[in-house]
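The structure under discussion appears below in the form of C-alpha cells.
Side-chain atoms are counted along with the backbone in the values below, which use heavy atoms only and exclude waters and symmetry mates.
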Amino acid sequence: MTYGYLHLPDVVAHIRMSDMKGGHFQFLTIQGLCLAWATMLVSLAVDFLPSASLLRNTKRVLFMIALPISIVISTIYWTLLLFLPHMILMSDPEETTPTSSSLVPEPTRLPLQVDLALHAAPAISMFIDFYFFEKKYSKTTSGWGSIILMALAGSWYSTWVEHCASYNGFFPYPFLTENPYNIRVAIYVAATTFAAVSFMVLNALHS
C-alpha cells in the first residue's frame, strides 16, 4: 500500500495534482488508503498493548469504516477499469474527443504493481485481518454501526469531492463529471448503501 502511494504520479491527465484543489486527496482511493494505514497502525499498537481497551475499541471502529470503504473502492475501480475504463480513468478535461481506453492519456494508467497496491492491497489486507485476527461484531453493532458510520463517511466524501469540483471544474472520476447533480447524489447513496451492506454481509459470514 505504501509502495502505491509513494509512486503516485505528480501529473494526471496533463494536470499537476498540486495545482488542483484537494490534490490526490480528491480520490476516494487515497482516503481509503489512509484509513487502512490508520487501522493497521492501531492494530499494531493493540498487539503490543493488548490490555489497552481504548486502542482496541478504536481499532474496532476504524475497521468498520476502513473495511467497507476498501471494498467499495476495489469493486467500483476494477469493474469499471475492465468494462468501462473511460468512466474511471481521468482524462484531460479540455478534450472533447470521445473517450476510450486507447485514447486515455498515458499518465492516467498506473503501472500494474502500483494499481494493485492502491486498489487491491487495502481490501485484501483488511479482509485477511478481519477474518483471521478480529472478532465478529454483534448483529446490532454490525447493522446500526455500519449504517451510521457509512452514512457519515459517504456524507463527508460527497461534500468534499463536490467542494473540490466547484474549484477544479471537474471531478477526479469521469463517472461523476459526466453526470448531473441528481445522478451523482444517487451514486453517492448507492455506494454508501453498498458499503454498509457489504460490511453486514462480511460480518454475518464471520465465524
Side-chain angles (χ1 to χ4, degrees), residues 12-13 15 17 20-36 61-101 103-104 108-110 115 118-120 122-123 126-127 141-205:
V12 176
I15 304 172
M17 295 306 295
M20 296 171 63
K21 183 73 173 180
H24 286 113
F25 287 90
Q26 297 174 81
F27 294 88
L28 183 61
T29 297
I30 305 305
Q31 297 198 19
L33 193 66
C34 291
L35 282 167
V61 172
L62 283 173
F63 230 112
M64 290 187 69
I65 304 171
L67 177 59
I69 287 179
S70 69
I71 291 170
V72 166
I73 291 168
S74 292
T75 302
I76 293 176
Y77 180 81
W78 292 109
T79 300
L80 291 180
L81 188 67
L82 289 173
F83 299 106
L84 296 168
H86 63 282
M87 296 299 286
I88 193 69
L89 296 175
M90 190 170 153
S91 59
D92 191 334
E94 299 300 322
E95 292 183 352
T96 56
T97 315
T99 56
S100 70
S101 58
L103 295 174
V104 174
T108 62
R109 280 193 174 274
L110 298 170
D115 223 353
L118 292 172
H119 299 109
M126 292 286 99
F127 183 87
T141 301
S142 171
W144 287 107
S146 61
I147 290 172
I148 292 170
L149 290 174
M150 288 305 96
L152 291 173
S155 298
W156 151 253
Y157 183 71
S158 59
T159 301
W160 167 246
V161 78
E162 291 284 336
H163 172 70
C164 291
S166 69
Y167 283 86
N168 298 327
F170 54 90
F171 291 83
Y173 300 111
F175 67 84
L176 294 177
T177 300
E178 296 179 14
N179 281 300
Y181 180 71
N182 61 322
I183 300 300
R184 295 200 303 273
V185 170
I187 291 172
Y188 301 142
V189 171
T192 299
T193 302
F194 177 71
V197 171
S198 66
F199 183 82
M200 285 185 259
V201 171
L202 288 175
N203 188 67
L205 295 174

- Full working for side chain to side chain contact (heavy atoms under 4.5 Å, CB included) between Glu162 and Leu176: CA-CA 10 Å; Glu162 291 284 336; Leu176 294 177; over 6 Å; no
- Query: For Gly23, does its backbone N or O pair with a side-chain atom of Gln26 as donor and acceptor, under 3.5 Å?
  - Reply: yes
- Query: Donor-acceptor pair, Asn179 side chain versus Arg184 backbone, under 3.5 Å?
  - Reply: no
- Taking all non-hydrogen atoms of both residues into account, name the closest pair between Pro174 and Met90 and its distance. CG-CA, 4.0 Å
- Task: Report yes or no: does Ser70 contribute a side-chain atom to a donor-acceptor pair with the main-chain N or O of Leu67 at less than 3.5 Å?
- Result: yes
- Message: For Met20, run the side chain to side chain contact (heavy atoms under 4.5 Å, CB included) check against Tyr167, Phe25, Phe170 and tell me which one passes.
- Response: Phe170
- Side-chain donor or acceptor of Asn203 paired with backbone N/O of Phe199 under 3.5 Å: no
- Query: Can you tell me how far OG1 of Thr192 sits from CD1 of Ile187, rounded to the nearest 0.5 angstrom?
  - Reply: 11.5 Å
- Query: To the nearest 0.5 Å, how far apart are CH2 in Trp78 and CG in Leu80?
  - Reply: 12.0 Å
- Task: Find the distance between CG (Leu81) and NE2 (His119) and round it off to the nearest 0.5 Å.
- Result: 8.5 Å
- Note on the structure: CD1 of Ile65 to CE of Met126, rounded to nearest 0.5 Å, is 12.0 Å
- Is any side-chain heavy atom of His24 closer than 4.5 Å to a side-chain heavy atom of Thr29? no
- Ignoring hydrogens and angles, tell me if any N or O in the side chain of Ser146 forms a donor-acceptor pair with the backbone of Gly143 under 3.5 Å. yes
- Rounded to the nearest 0.5 Å, what separation is found between the CD atom of Gln31 and the OH atom of Tyr157? 6.5 Å
- Query: Is a side-chain N or O of Ser74 found less than 3.5 angstrom from the main chain of Ile71, in a donor-acceptor match?
  - Reply: no
- Could you tell me the separation between the OH atom of Tyr77 and the CG atom of Leu89, rounded to the nearest 0.5 Å? 5.5 Å
- Query: Which atoms form the tightest heavy-atom contact between Val61 and Leu149, and what is the distance?
  - Reply: O-CD1, 4.1 Å
- Item | Nearest heavy atoms of Ser158 and Tyr188, plus distance in Å | CB-CD1, 3.4 Å
- Task: Search all heavy atoms of Phe171 against all heavy atoms of Val161 and return the closest pair with its distance.
- Result: CE2-O, 3.7 Å
- Report yes if some heavy atom in the side chain of Ile69 is under 4.5 Å from a heavy atom in the side chain of Met150; otherwise report no. yes
- Do Tyr173 and Ile76 come within less than 4.5 Å of each other through their side chains, counting heavy atoms only? no
